[in-house]
Amino acid sequence: MRTSWADLAANSAADNANNSVPPSKPAYVPPHLRNRPPLSAESHAPPPPAYSGPSSASASVAGAVSGRWSSPRNEYRTQPVSSGHTSGWGNNSGGWDRGRDREVNPFAEQDDSEPTFTEQENTGINFDAYEDIPVETTGENVPSPVNTFAEIDLGEALNENIRRCKYVRPTPVQRNAIPISLAGRDLMACAQTGSGKTAAFCFPIISGIMRGQPVQRQPRGVRTVFPLALVLSPTRELSMQIHEEARKFSYQTGVRVVVAYGGAPINQQLRDLERGVDILVATPGRLVDLLERARVSLQMIRYLALDEADRMLDMGFEPQIRKIVQQMDMPPPGVRQTMLFSATFPREIQRLASDFLSNYIFLAVGRVGSSTDLIDQRVEYVQESDKRSHLMDLLHAQRANGVQGKQALTLVFVETKKGADALEHWLCLNGFPATTIHGDRTQQEREFALKSFKSGNTPILVATDVAARGLDIPHVAHVVNFDLPNDIDDYVHRIGRTGRAGKKGLATAFFNDNNVNLARALADLMQEANQEVPAWILGYAARSSFCGGRNRRSGGGSRFGSRDFRREGSFSRGGSSDYHNAGNNGGGYGSCGGYAGGYGSSGVTSAWD
DNA sequence: AAAAAAG
């Protein structure tokens, strides 16, 4: 085997101690030797001045801030102004003392959280499955990818946590995204969830905060808190998950991570915030609430990360996101650093998203080939009335094969909340322990259901799209699309709950006449993923006029390694050679491409209406 | 038309 990361890290540390680091690599400076944040041009520090905050909020806020720092907006200055900044940053006596004294070891839970699984899983990612994945980066002066964590100067404490997480080498998205964000660049990244996306945006944020953070002490009596980083996600459970991961990454770094989401008592969240917050992970609704109560100010935000960014910017969420990002007191693009992540990035959404970004780099880590092969996709024609008995057949077969129980979870997606309850009830009646998660359940019920599923207590989970995105549930062996979604991107996210971290998975879809609109996109998708496409579905595909679902918005059918919309004439008509030349990187999703070049032509535009 | 997200 190759040299482990730990060895490399140890060597690297020794090199640093001997002062023999090659000049090309910035030397790691231990905390006690640092005396000021590296605010030089190429540093990780936020870009310089230009921004004077919104006048309305800044008066009161500046007053509050000046209690903590001698000058409220020094953070955006090129030169450190106050000597107050030089004392104690990175110093263990600074920062959130009160909180850190009681910092719970997030790695302690690891071992008892899933005691039923004997298999080692947290080392998780099967890297061989990620070799030779096509990667596309576009934008100006793209920083080079790295091959090891040791090549990146993330700092001792963070490196130690990486080791604790048993991460040996960076995943493809991490290899590319981390250098980009360490260079201070904005980023739009398409990468499969479960391929290490969370770490890809957390590491640079934590590292940047450790470097740049002056002593922050919440003055007594001031209730407004000023996080330095904001991570938004579309569901509460995903926010919880990101929070848990981020806590591991930031353990003993002095960087505090707090989560805030709806459905849970706000008081505990307020107390957590008051103890200090550097990174705030939140769902949009609760955050707006906190902003309106003036318990949180975004004025000091240096890093903004949107997970499942395409969902965050779709019709349901966009107004809230715009409010948070553009209409409160958050620094504008170019002042803050913005990172958008998702497995899918429809071009319409890319266009919207570009409002939030400044001179960004587009990164696509293709899922074509090896890693998509990990999910065995099947489509079966099942009439609406036959779905239950068909599901029953599948479950019986699984049970017979021993493919059921604690190590082989089954996730069943349905279209509606009522349908979820009904199916859960019916499964339980028929001797299959099931639970359900959807938006009509209380947050307690949702969390309990997820926990019960994860533990294998209830090895079947019936879910609406609330569980479609981002959730990392080990041991999901089978995803059943009991009801297919209308949008091919949702399908991609749903089946992505299995075959995670380089493991194999199975996805079965029940298709009938109600899903004709999805036929084309589904057939194309399966074909590109080297799946066997049933002949009958091609017949449906021929009958459906367009690419199906929202696929027409996906930029020429590049679902996975989506393409940078800036490279496609936004309103190009007719044949787009640009599109066809792109096959070398994202992986040539071309079978629906006849419509891609003609995007904006009358035929496709009318499909919008 | 449905789902999610504030209470």
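Chain identifiers are assigned alphabetically (A, B, ...) following the order of the sequence lines, protein sequences preceding nucleic acid strands; residue numbering begins at 1 within each chain.
Nucleotide B/dA5 holds its P atom 21 Å from the CZ atom of A/R322, rounded to whole Å. Distance CZ (A/F317) to C1' (B/dA6): 12 Å, rounded to an integer number of Å. If you take CG of A/L313 and P of B/dA4, they are 19 Å apart, rounded to a whole angstrom. At whole-Å resolution of the value, NE2 in A/H493 and C1' in B/dA3 are 14 Å apart. The distance between atom CG of A/N481 and atom P of B/dA2, rounded to the nearest whole Å, is 19 Å. For the pair A/N486 CG and B/dA4 P, the interatomic distance rounds to 15 Å; values are reported in whole Å. Regarding A/D483, its CG atom lies at a distance of 17 Å from the P atom of B/dA1, rounded to whole Å. In this structure, A/R311 places its CZ atom 7 Å from C1' of B/dA3, rounding to the nearest Å.
If you check B/dA5, B/dA4, B/dA2 against the side chain of A/R236, the one that comes closest is B/dA5. Proximity note for A/D289 (side chain, C-beta onward) versus B/dA6, B/dA4, B/dA2: the nearest is B/dA6. Distances were taken from every side-chain heavy atom of A/E292 (C-beta onward) to each of B/dA2, B/dA6, B/dA4; the shortest belongs to B/dA6.
Across every non-hydrogen atom of A/P331 and A/I301, the tightest pair is CG-O, 3.3 Å.
Distances shown here put a side-chain N or O of A/T464 below 4.0 Å from the OP1 or OP2 atom of B/dA4. Distances shorter than 4.0 Å separate some side-chain N or O of A/R446 from OP1 or OP2 on B/dA5. Here A/K418 does not reach the OP1 or OP2 of B/dA2: none of its side-chain N or O atoms lies under 4.0 Å away. In terms of phosphate contacts, A/T283 brings no side-chain nitrogen or oxygen within less than 4.0 Å of OP1 or OP2 of B/dA4.
With respect to A/D465 and A/R494, a salt bridge is recorded, a charged nitrogen being found less than 4.0 Å from a carboxylate O.
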message: One pair to check against ring-ring contact (aromatic ring centres under 6.0 Å, His included): A/F249 and A/F203. What are the steps and the verdict?
response: CA-CA 7 Å; A/F249 301 150; A/F203 289 174; 4.8 Å; yes

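Partners of A/W536 under the ring-ring contact (aromatic ring centres under 6.0 Å, His included) rule, at least two apart in sequence or in another chain, are A/Y381, A/F511. Looking at residues two or more places apart in sequence or on another chain, you find a side-chain contact (heavy atoms from CB on, under 4.5 Å) between A/P333 and A/R336, A/S358.
Note on A/G439: only backbone sugar-phosphate atoms sit closer than 4.0 angstrom, heavy atoms only; bases stay farther off.
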